[in-house]
There are 2 protein chains.
Amino acid sequence: MADGRHSPAVRGDTLLFLTDEQLRQGSEAMFFAYRGFTADPDRILSDLAYGRAHHRAIHFIGRAPGTTVNNLLNILGVTKQSLNRVLRTLIADGLVLSEVGRADKRERHLHLTEEGRALERKLSDAQRARLRAAFREAGPEAVAGFRTVLEAMMDPEMRASYARLKESGT
Amino acid sequence: MADGRHSPAVRGDTLLFLTDEQLRQGSEAMFFAYRGFTADPDRILSDLAYGRAHHRAIHFIGRAPGTTVNNLLNILGVTKQSLNRVLRTLIADGLVLSEVGRADKRERHLHLTEEGRALERKLSDAQRARLRAAFREAGPEAVAGFRTVLEAMMDPEMRASYARLKESGT
DNA sequence: CAGTTTATGTCAGCCTTGTTGACACTCCAA
DNA sequence: TTGGAGTGTCAACAAGGCTGACATAAACTG
(Lines give C-alpha, C1' and ligand atoms only; values in the text may rest on other atoms or scores of the structure.)
Protein backbone atom coordinates (compact mmCIF):
# COMPACT_ATOMS: atom_id res chain seq x y z
CA MET A 1 0.00 0.00 0.00
CA ALA A 2 0.85 3.63 -0.02
CA ASP A 3 2.93 4.12 3.03
CA GLY A 4 3.23 0.89 4.87
CA ARG A 5 0.38 1.13 7.32
CA HIS A 6 -0.70 -2.45 6.76
CA SER A 7 -0.41 -3.42 10.31
CA PRO A 8 -2.46 -1.22 12.59
CA ALA A 9 -0.48 -2.03 15.68
CA VAL A 10 2.72 -0.57 14.33
CA ARG A 11 2.10 2.94 15.56
CA GLY A 12 0.01 2.08 18.53
CA ASP A 13 -3.67 2.35 19.21
CA THR A 14 -3.95 6.09 18.83
CA LEU A 15 -3.32 5.96 15.10
CA LEU A 16 -5.46 2.93 14.33
CA PHE A 17 -7.94 5.23 12.64
CA LEU A 18 -5.38 6.24 10.04
CA THR A 19 -4.75 2.83 8.48
CA ASP A 20 -5.23 2.51 4.74
CA GLU A 21 -8.20 0.26 5.37
CA GLN A 22 -9.83 2.89 7.57
CA LEU A 23 -9.20 5.54 4.94
CA ARG A 24 -10.61 3.39 2.21
CA GLN A 25 -13.72 2.81 4.26
CA GLY A 26 -13.91 6.53 4.77
CA SER A 27 -13.87 7.25 1.07
CA GLU A 28 -16.43 4.56 0.36
CA ALA A 29 -18.62 6.03 3.06
CA MET A 30 -18.34 9.42 1.37
CA PHE A 31 -19.30 7.90 -1.95
CA PHE A 32 -22.38 6.06 -0.71
CA ALA A 33 -23.47 8.85 1.61
CA TYR A 34 -23.25 11.48 -1.07
CA ARG A 35 -25.53 9.39 -3.19
CA GLY A 36 -28.08 9.35 -0.41
CA PHE A 37 -27.54 13.03 0.21
CA THR A 38 -28.55 13.99 -3.33
CA ALA A 39 -31.16 11.30 -3.93
CA ASP A 40 -34.23 13.08 -2.57
CA PRO A 41 -33.79 16.46 -4.30
CA ASP A 42 -32.82 14.63 -7.48
CA ARG A 43 -36.15 12.85 -7.47
CA ILE A 44 -38.03 16.13 -7.13
CA LEU A 45 -35.95 17.84 -9.78
CA SER A 46 -36.34 15.14 -12.38
CA ASP A 47 -40.09 15.73 -12.38
CA LEU A 48 -39.47 19.36 -13.25
CA ALA A 49 -37.09 20.11 -16.10
CA TYR A 50 -34.24 20.81 -13.68
CA GLY A 51 -31.09 19.11 -12.49
CA ARG A 52 -28.61 19.28 -9.68
CA ALA A 53 -27.02 22.38 -11.15
CA HIS A 54 -30.30 24.27 -10.77
CA HIS A 55 -30.62 23.09 -7.21
CA ARG A 56 -27.17 24.38 -6.32
CA ALA A 57 -27.85 27.77 -7.87
CA ILE A 58 -31.19 28.09 -6.13
CA HIS A 59 -29.71 27.01 -2.84
CA PHE A 60 -26.91 29.53 -2.78
CA ILE A 61 -29.02 32.39 -4.12
CA GLY A 62 -31.54 31.65 -1.41
CA ARG A 63 -28.79 31.53 1.15
CA ALA A 64 -27.22 34.84 0.12
CA PRO A 65 -29.89 36.97 -1.55
CA GLY A 66 -28.50 39.78 -3.66
CA THR A 67 -25.29 37.90 -4.37
CA THR A 68 -23.55 38.67 -7.64
CA VAL A 69 -22.97 36.31 -10.52
CA ASN A 70 -19.26 36.39 -9.89
CA ASN A 71 -19.66 35.47 -6.27
CA LEU A 72 -21.88 32.56 -7.18
CA LEU A 73 -19.32 31.47 -9.73
CA ASN A 74 -16.67 31.29 -7.03
CA ILE A 75 -18.85 29.34 -4.67
CA LEU A 76 -20.01 26.83 -7.26
CA GLY A 77 -16.67 26.42 -8.95
CA VAL A 78 -17.98 26.24 -12.50
CA THR A 79 -17.50 28.39 -15.58
CA LYS A 80 -19.72 31.38 -16.23
CA GLN A 81 -21.02 29.65 -19.34
CA SER A 82 -22.21 26.69 -17.32
CA LEU A 83 -23.76 28.86 -14.65
CA ASN A 84 -25.31 31.18 -17.19
CA ARG A 85 -27.12 28.36 -18.91
CA VAL A 86 -28.72 27.45 -15.62
CA LEU A 87 -29.47 31.03 -14.56
CA ARG A 88 -31.03 31.80 -17.92
CA THR A 89 -33.63 29.07 -17.52
CA LEU A 90 -34.30 29.97 -13.89
CA ILE A 91 -34.82 33.63 -14.79
CA ALA A 92 -36.97 32.75 -17.81
CA ASP A 93 -39.09 30.48 -15.60
CA GLY A 94 -39.55 33.23 -13.05
CA LEU A 95 -37.71 31.57 -10.18
CA VAL A 96 -34.82 34.01 -10.04
CA LEU A 97 -34.61 37.78 -10.40
CA SER A 98 -31.52 39.45 -11.78
CA GLU A 99 -31.28 43.14 -11.03
CA VAL A 100 -28.65 45.62 -12.13
CA GLY A 101 -26.42 46.78 -9.30
CA ARG A 102 -26.97 50.26 -7.91
CA ALA A 103 -23.41 51.04 -6.92
CA ASP A 104 -21.83 49.12 -9.79
CA LYS A 105 -24.13 48.77 -12.72
CA ARG A 106 -22.06 46.01 -14.29
CA GLU A 107 -23.02 43.65 -11.53
CA ARG A 108 -26.22 41.65 -11.42
CA HIS A 109 -27.72 40.94 -8.04
CA LEU A 110 -29.62 37.68 -7.82
CA HIS A 111 -32.73 36.99 -5.78
CA LEU A 112 -35.31 34.26 -5.59
CA THR A 113 -38.86 35.13 -6.51
CA GLU A 114 -41.70 33.82 -4.38
CA GLU A 115 -41.91 30.85 -6.70
CA GLY A 116 -38.17 30.33 -6.45
CA ARG A 117 -38.33 30.39 -2.68
CA ALA A 118 -41.08 27.81 -2.81
CA LEU A 119 -38.95 25.42 -4.83
CA GLU A 120 -35.94 26.11 -2.64
CA ARG A 121 -37.98 25.21 0.39
CA LYS A 122 -39.31 22.07 -1.21
CA LEU A 123 -35.84 20.88 -2.16
CA SER A 124 -34.11 21.72 1.05
CA ASP A 125 -36.93 20.26 3.10
CA ALA A 126 -36.40 16.96 1.36
CA GLN A 127 -32.68 17.09 1.89
CA ARG A 128 -32.93 18.27 5.44
CA ALA A 129 -35.37 15.53 6.33
CA ARG A 130 -32.76 12.91 5.52
CA LEU A 131 -30.00 14.83 7.21
CA ARG A 132 -32.14 15.38 10.28
CA ALA A 133 -32.89 11.67 10.54
CA ALA A 134 -29.21 10.87 10.17
CA PHE A 135 -28.16 13.49 12.70
CA ARG A 136 -30.74 12.35 15.19
CA GLU A 137 -29.73 8.74 14.77
CA ALA A 138 -26.04 9.54 15.15
CA GLY A 139 -26.29 11.99 18.03
CA PRO A 140 -24.76 15.40 18.69
CA GLU A 141 -21.20 14.24 19.27
CA ALA A 142 -21.09 12.26 16.06
CA VAL A 143 -22.49 15.30 14.23
CA ALA A 144 -19.79 17.52 15.65
CA GLY A 145 -17.18 15.03 14.45
CA PHE A 146 -18.84 14.79 11.06
CA ARG A 147 -18.60 18.53 10.59
CA THR A 148 -15.03 18.71 11.83
CA VAL A 149 -13.86 16.08 9.35
CA LEU A 150 -15.78 17.54 6.43
CA GLU A 151 -14.34 20.94 7.10
CA ALA A 152 -10.84 19.50 7.22
CA MET A 153 -11.42 17.84 3.84
CA MET A 154 -12.21 21.06 2.04
CA ASP A 155 -9.83 23.05 -0.08
CA PRO A 156 -8.79 26.24 1.74
CA GLU A 157 -10.85 28.51 -0.52
CA MET A 158 -13.89 26.31 -0.05
CA ARG A 159 -13.36 26.36 3.67
CA ALA A 160 -13.38 30.14 3.48
CA SER A 161 -16.62 30.20 1.49
CA TYR A 162 -18.14 27.77 3.93
CA ALA A 163 -17.07 29.86 6.91
CA ARG A 164 -18.49 33.00 5.34
CA LEU A 165 -21.85 31.33 4.76
CA LYS A 166 -21.82 29.90 8.25
CA GLU A 167 -21.35 33.34 9.76
CA SER A 168 -24.03 34.90 7.60
CA GLY A 169 -26.56 32.39 8.87
CA THR A 170 -26.08 33.19 12.51
CA MET B 1 -39.23 26.82 7.61
CA ALA B 2 -40.03 23.19 7.42
CA ASP B 3 -41.16 22.27 10.87
CA GLY B 4 -40.88 25.29 13.07
CA ARG B 5 -37.40 24.86 14.47
CA HIS B 6 -36.55 28.51 14.09
CA SER B 7 -35.74 29.02 17.66
CA PRO B 8 -33.13 26.62 18.96
CA ALA B 9 -34.15 26.93 22.55
CA VAL B 10 -37.62 25.55 21.97
CA ARG B 11 -36.69 21.94 22.48
CA GLY B 12 -33.89 22.46 24.88
CA ASP B 13 -30.16 22.25 24.49
CA THR B 14 -29.98 18.61 23.56
CA LEU B 15 -31.57 19.19 20.19
CA LEU B 16 -29.72 22.34 19.25
CA PHE B 17 -27.82 20.36 16.67
CA LEU B 18 -31.05 19.65 14.77
CA THR B 19 -32.04 23.22 13.93
CA ASP B 20 -32.63 24.08 10.31
CA GLU B 21 -29.56 26.27 10.37
CA GLN B 22 -27.41 23.40 11.61
CA LEU B 23 -28.83 21.13 8.95
CA ARG B 24 -28.21 23.66 6.24
CA GLN B 25 -24.63 24.02 7.39
CA GLY B 26 -24.38 20.25 7.30
CA SER B 27 -25.50 20.08 3.70
CA GLU B 28 -23.20 22.87 2.67
CA ALA B 29 -20.35 21.08 4.40
CA MET B 30 -21.19 17.96 2.39
CA PHE B 31 -21.17 19.94 -0.82
CA PHE B 32 -17.85 21.64 -0.26
CA ALA B 33 -16.19 18.58 1.24
CA TYR B 34 -17.23 16.34 -1.62
CA ARG B 35 -15.60 18.77 -3.99
CA GLY B 36 -12.37 18.47 -2.07
CA PHE B 37 -12.78 14.73 -1.86
CA THR B 38 -12.84 14.29 -5.64
CA ALA B 39 -10.48 17.11 -6.58
CA ASP B 40 -7.19 15.22 -6.43
CA PRO B 41 -8.18 12.11 -8.41
CA ASP B 42 -9.99 14.35 -10.91
CA ARG B 43 -6.77 16.19 -11.61
CA ILE B 44 -4.92 12.94 -12.28
CA LEU B 45 -7.74 11.57 -14.44
CA SER B 46 -8.04 14.63 -16.63
CA ASP B 47 -4.46 14.09 -17.80
CA LEU B 48 -5.40 10.62 -18.94
CA ALA B 49 -8.51 10.25 -21.06
CA TYR B 50 -10.56 9.16 -18.06
CA GLY B 51 -13.20 10.59 -15.80
CA ARG B 52 -14.73 9.94 -12.43
CA ALA B 53 -16.74 7.04 -13.76
CA HIS B 54 -13.53 5.22 -14.65
CA HIS B 55 -12.16 5.90 -11.20
CA ARG B 56 -15.21 4.41 -9.54
CA ALA B 57 -15.09 1.29 -11.69
CA ILE B 58 -11.38 0.82 -11.04
CA HIS B 59 -11.83 1.39 -7.34
CA PHE B 60 -14.54 -1.18 -6.82
CA ILE B 61 -12.97 -3.77 -9.11
CA GLY B 62 -9.75 -3.35 -7.16
CA ARG B 63 -11.63 -3.66 -3.93
CA ALA B 64 -13.49 -6.83 -4.92
CA PRO B 65 -11.46 -8.66 -7.57
CA GLY B 66 -13.46 -11.16 -9.56
CA THR B 67 -16.71 -9.29 -9.02
CA THR B 68 -19.34 -9.63 -11.73
CA VAL B 69 -20.67 -6.90 -13.94
CA ASN B 70 -24.05 -7.14 -12.29
CA ASN B 71 -22.61 -6.74 -8.83
CA LEU B 72 -20.68 -3.69 -9.94
CA LEU B 73 -23.86 -2.33 -11.47
CA ASN B 74 -25.61 -2.56 -8.13
CA ILE B 75 -22.79 -0.89 -6.26
CA LEU B 76 -22.38 1.95 -8.72
CA GLY B 77 -26.08 2.52 -9.32
CA VAL B 78 -25.84 3.22 -13.04
CA THR B 79 -27.21 1.49 -16.11
CA LYS B 80 -25.32 -1.35 -17.71
CA GLN B 81 -24.90 0.77 -20.84
CA SER B 82 -23.14 3.49 -18.88
CA LEU B 83 -20.93 1.03 -17.08
CA ASN B 84 -20.26 -0.90 -20.24
CA ARG B 85 -18.96 2.13 -22.04
CA VAL B 86 -16.48 2.71 -19.24
CA LEU B 87 -15.51 -0.96 -18.94
CA ARG B 88 -14.99 -1.24 -22.68
CA THR B 89 -12.38 1.51 -22.68
CA LEU B 90 -10.69 0.15 -19.56
CA ILE B 91 -10.52 -3.33 -21.09
CA ALA B 92 -9.31 -1.97 -24.43
CA ASP B 93 -6.62 0.02 -22.64
CA GLY B 94 -5.48 -3.06 -20.76
CA LEU B 95 -6.38 -1.87 -17.27
CA VAL B 96 -9.15 -4.37 -16.64
CA LEU B 97 -9.52 -8.06 -17.45
CA SER B 98 -12.93 -9.55 -18.09
CA GLU B 99 -12.99 -13.30 -17.84
CA VAL B 100 -15.87 -15.63 -18.48
CA GLY B 101 -17.16 -17.27 -15.35
CA ARG B 102 -16.28 -20.92 -14.73
CA ALA B 103 -19.41 -21.92 -12.87
CA ASP B 104 -21.71 -19.66 -14.86
CA LYS B 105 -20.28 -18.79 -18.21
CA ARG B 106 -22.69 -15.92 -18.73
CA GLU B 107 -21.05 -13.95 -16.01
CA ARG B 108 -17.92 -11.91 -16.51
CA HIS B 109 -15.49 -11.67 -13.65
CA LEU B 110 -13.55 -8.45 -13.53
CA HIS B 111 -9.96 -7.99 -12.42
CA LEU B 112 -7.39 -5.26 -12.59
CA THR B 113 -4.27 -5.88 -14.62
CA GLU B 114 -0.91 -4.83 -13.23
CA GLU B 115 -1.33 -1.54 -15.07
CA GLY B 116 -4.84 -1.16 -13.69
CA ARG B 117 -3.60 -1.76 -10.19
CA ALA B 118 -0.94 0.89 -10.73
CA LEU B 119 -3.55 3.48 -11.68
CA GLU B 120 -5.81 2.41 -8.83
CA ARG B 121 -2.96 2.92 -6.42
CA LYS B 122 -2.11 6.30 -7.87
CA LEU B 123 -5.68 7.51 -7.61
CA SER B 124 -6.43 6.19 -4.18
CA ASP B 125 -3.10 7.39 -2.83
CA ALA B 126 -4.05 10.91 -3.87
CA GLN B 127 -7.47 10.59 -2.32
CA ARG B 128 -6.21 8.92 0.82
CA ALA B 129 -3.57 11.59 1.35
CA ARG B 130 -6.26 14.21 1.68
CA LEU B 131 -8.44 12.03 3.82
CA ARG B 132 -5.53 11.11 6.05
CA ALA B 133 -4.67 14.76 6.59
CA ALA B 134 -8.29 15.54 7.40
CA PHE B 135 -8.61 12.55 9.76
CA ARG B 136 -5.40 13.40 11.54
CA GLU B 137 -6.41 17.02 11.92
CA ALA B 138 -9.85 16.09 13.23
CA GLY B 139 -8.82 13.29 15.56
CA PRO B 140 -10.19 9.78 16.18
CA GLU B 141 -13.40 10.78 17.89
CA ALA B 142 -14.40 13.17 15.12
CA VAL B 143 -13.63 10.44 12.60
CA ALA B 144 -15.87 8.02 14.41
CA GLY B 145 -18.66 10.57 14.34
CA PHE B 146 -18.03 11.30 10.70
CA ARG B 147 -18.47 7.66 9.82
CA THR B 148 -21.53 7.25 11.98
CA VAL B 149 -23.31 10.17 10.34
CA LEU B 150 -22.34 9.17 6.80
CA GLU B 151 -23.60 5.66 7.39
CA ALA B 152 -26.89 7.01 8.70
CA MET B 153 -27.27 9.13 5.57
CA MET B 154 -27.08 6.20 3.19
CA ASP B 155 -30.02 4.48 1.57
CA PRO B 156 -30.55 1.05 3.13
CA GLU B 157 -29.26 -0.84 0.08
CA MET B 158 -26.19 1.35 -0.03
CA ARG B 159 -25.63 0.76 3.63
CA ALA B 160 -25.72 -2.96 2.92
CA SER B 161 -23.19 -2.66 0.10
CA TYR B 162 -21.00 -0.55 2.32
CA ALA B 163 -21.20 -3.07 5.16
CA ARG B 164 -20.35 -5.93 2.81
CA LEU B 165 -17.28 -4.12 1.55
CA LYS B 166 -16.28 -3.21 5.07
CA GLU B 167 -16.36 -6.83 6.15
CA SER B 168 -14.44 -8.01 3.12
CA GLY B 169 -11.63 -5.62 3.94
CA THR B 170 -11.05 -6.90 7.44
C1' DC C 1 -10.56 61.93 -22.80
C1' DA C 2 -8.52 57.43 -24.39
C1' DG C 3 -7.47 53.07 -23.22
C1' DT C 4 -7.78 49.13 -20.18
C1' DT C 5 -9.95 46.20 -17.07
C1' DT C 6 -13.99 44.10 -15.02
C1' DA C 7 -18.58 41.92 -14.95
C1' DT C 8 -21.59 39.82 -17.54
C1' DG C 9 -23.86 37.53 -21.42
C1' DT C 10 -23.89 34.67 -25.47
C1' DC C 11 -22.67 31.63 -29.43
C1' DA C 12 -20.57 27.46 -31.07
C1' DG C 13 -18.58 23.23 -30.33
C1' DC C 14 -16.72 19.43 -27.67
C1' DC C 15 -16.55 15.84 -23.82
C1' DT C 16 -18.16 12.74 -20.17
C1' DT C 17 -21.58 10.39 -18.26
C1' DG C 18 -25.98 9.59 -17.41
C1' DT C 19 -30.61 7.99 -19.65
C1' DT C 20 -34.15 4.75 -22.79
C1' DG C 21 -35.21 1.48 -26.10
C1' DA C 22 -34.22 -2.27 -29.02
C1' DC C 23 -32.00 -6.37 -30.19
C1' DA C 24 -28.79 -10.44 -30.05
C1' DC C 25 -26.36 -14.05 -27.91
C1' DT C 26 -25.25 -17.53 -24.45
C1' DC C 27 -26.45 -20.34 -21.04
C1' DC C 28 -29.10 -22.16 -17.07
C1' DA C 29 -33.12 -24.23 -15.24
C1' DA C 30 -37.73 -25.92 -15.24
C1' DT D 1 -37.55 -26.96 -25.45
C1' DT D 2 -38.78 -22.81 -23.82
C1' DG D 3 -38.33 -18.94 -20.72
C1' DG D 4 -35.58 -16.00 -18.33
C1' DA D 5 -31.11 -14.24 -16.62
C1' DG D 6 -26.67 -12.19 -17.59
C1' DT D 7 -24.26 -9.76 -20.80
C1' DG D 8 -22.91 -6.92 -24.79
C1' DT D 9 -23.91 -3.51 -28.23
C1' DC D 10 -26.16 -0.05 -31.25
C1' DA D 11 -28.57 4.33 -31.62
C1' DA D 12 -30.28 8.46 -29.91
C1' DC D 13 -30.67 11.83 -26.58
C1' DA D 14 -29.96 15.13 -22.40
C1' DA D 15 -27.57 17.38 -18.63
C1' DG D 16 -23.96 19.78 -17.46
C1' DG D 17 -19.23 20.25 -17.45
C1' DC D 18 -15.43 22.51 -20.56
C1' DT D 19 -12.82 25.97 -24.01
C1' DG D 20 -12.55 29.76 -27.15
C1' DA D 21 -14.20 33.81 -29.13
C1' DC D 22 -16.67 37.86 -29.14
C1' DA D 23 -19.96 41.74 -27.49
C1' DT D 24 -21.43 45.18 -24.32
C1' DA D 25 -21.52 48.29 -20.64
C1' DA D 26 -19.50 50.24 -16.84
C1' DA D 27 -15.75 51.39 -14.10
C1' DC D 28 -11.19 52.59 -13.48
C1' DT D 29 -6.62 54.66 -14.76
C1' DG D 30 -3.22 57.43 -16.74
Side-chain angles (χ1 to χ4, degrees), chain A residues 31 34-35 38-39 41-61 66-93 96-111, chain B residues 31 34-35 38-39 41-61 66-93 96-110 123:
Chain A
F31 171 70
Y34 200 75
R35 283 256 293 283
T38 55
D42 281 356
R43 262 189 292 277
I44 294 170
L45 289 158
S46 70
D47 291 342
L48 310 156
Y50 298 134
R52 229 176 261 182
H54 299 84
H55 181 192
R56 292 195 285 260
I58 288 175
H59 174 96
F60 287 109
I61 294 171
T67 188
T68 64
V69 172
N70 224 1
N71 183 35
L72 203 50
L73 240 32
N74 289 329
I75 287 177
L76 296 177
V78 297
T79 59
K80 63 172 181 172
Q81 292 92 328
S82 279
L83 175 58
N84 196 254
R85 177 169 36 200
V86 166
L87 281 182
R88 216 182 315 165
T89 71
L90 291 176
I91 291 168
D93 295 353
V96 167
L97 273 180
S98 165
E99 57 178 27
V100 174
R102 277 172 306 178
D104 186 335
K105 292 177 190 164
R106 290 169 307 179
E107 295 180 338
R108 300 298 138 89
H109 296 280
L110 304 169
H111 299 269
Chain B
F31 171 70
Y34 199 77
R35 284 257 292 284
T38 55
D42 281 357
R43 261 190 293 276
I44 294 170
L45 289 158
S46 70
D47 291 342
L48 311 157
Y50 299 134
R52 231 177 258 182
H54 299 85
H55 182 192
R56 293 196 283 260
I58 288 175
H59 174 95
F60 286 110
I61 294 172
T67 188
T68 64
V69 172
N70 219 13
N71 182 35
L72 204 50
L73 239 33
N74 289 329
I75 287 177
L76 296 176
V78 297
T79 58
K80 63 175 179 171
Q81 292 91 331
S82 273
L83 176 57
N84 196 254
R85 176 169 36 200
V86 166
L87 283 181
R88 215 183 316 162
T89 71
L90 291 175
I91 291 168
D93 295 353
V96 167
L97 274 180
S98 166
E99 57 178 27
V100 174
R102 276 171 307 179
D104 184 337
K105 292 177 191 163
R106 292 166 304 178
E107 295 181 340
R108 300 300 137 92
H109 296 280
L110 304 168
L123 292 170

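What you see is a predicted model; the values in this text were computed from it and never measured. Residue numbers begin at 1 in each chain, while the letters A, B, ... track the order of the sequences.
- B/Leu45 places its CG atom 16 Å from the P atom of D/dC18, with the value rounded to the nearest Å.
- Listed by chain and residue number, A/Thr38, A/Leu45, A/Arg52 satisfy the side-chain contact (heavy atoms from CB on, under 4.5 Å) test with A/Asp42 (two or more places apart in sequence, or in another chain).
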Using a cutoff of under 3.5 Å, can you pull out all pairs of nitrogen or oxygen atoms linking the protein to nucleotides 5-9 of chain D, with atom names and distances?
residue, atom, partner, partner atom, Å
D/dA5, N3, B/Arg106, NH1, 3.2
D/dT7, OP1, B/Arg108, N, 3.3
D/dT7, OP2, B/Asn70, N, 3.1
D/dT7, O4, B/Lys80, NZ, 3.0
D/dG8, N7, B/Lys80, NZ, 3.4
D/dG8, O6, B/Lys80, NZ, 2.6
D/dT9, OP2, B/Asn84, OD1, 3.3

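- A/Asn70 contributes atom CG, which lies 10.0 Å from atom CZ of A/Arg106 (distance to the nearest 0.5 angstrom).
- Rounded to an integer number of Å, the gap from CG of A/Leu83 to C1' of D/dC18 is 14 Å.
- Remark: B/Glu99 pairs with B/His109, B/His111 by the side-chain contact (heavy atoms from CB on, under 4.5 Å) rule, at least two apart or across chains.
- Scanning for side-chain contact (heavy atoms from CB on, under 4.5 Å) contacts around B/Arg102 gives an empty result, with sequence neighbours left out.
- The side chain of B/Thr79 contributes an N or O atom lying less than 4.0 Å from OP1 or OP2 of C/dT19.
- Spacing between atom NZ of A/Lys105 and atom C1' of C/dT6 amounts to 16 Å, rounded to whole angstrom units.
- The separation between A/His109 atom NE2 and D/dA26 atom C1' is 13 Å, rounded to whole Å.
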Just list the side-chain donor-acceptor pairs under 3.5 Å for residues 78-87 of chain A, sequence neighbours left out, or say none.
residue, atom, partner, partner atom, Å
A/Thr79, OG1, A/Ser82, N, 3.3
A/Thr79, OG1, A/Ser82, OG, 3.4

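- Residues A/Leu76 and A/Phe60 meet the side-chain proximity criterion, which asks for heavy atoms closer than 4.5 Å.
- No side-chain heavy atom of B/Thr68 sits under 4.5 Å from any side-chain heavy atom of B/Arg108.
- Looking at heavy atoms from C-beta onward, A/Thr89 lies in side-chain contact with A/Tyr50 at the 4.5 angstrom threshold.
- At a threshold of 4.0 angstrom between heavy atoms, the contacts of B/Ala57 with the nucleic acid are absent.
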Measure all distances between protein nitrogen or oxygen atoms and nitrogen or oxygen atoms of nucleotides 15-17 of chain C, and list the pairs falling under 3.5 Å.
residue, atom, partner, partner atom, Å
C/dT17, OP1, B/Arg52, N, 2.7
C/dT17, OP1, B/Ala53, N, 3.2
C/dT17, OP2, B/His54, ND1, 3.1

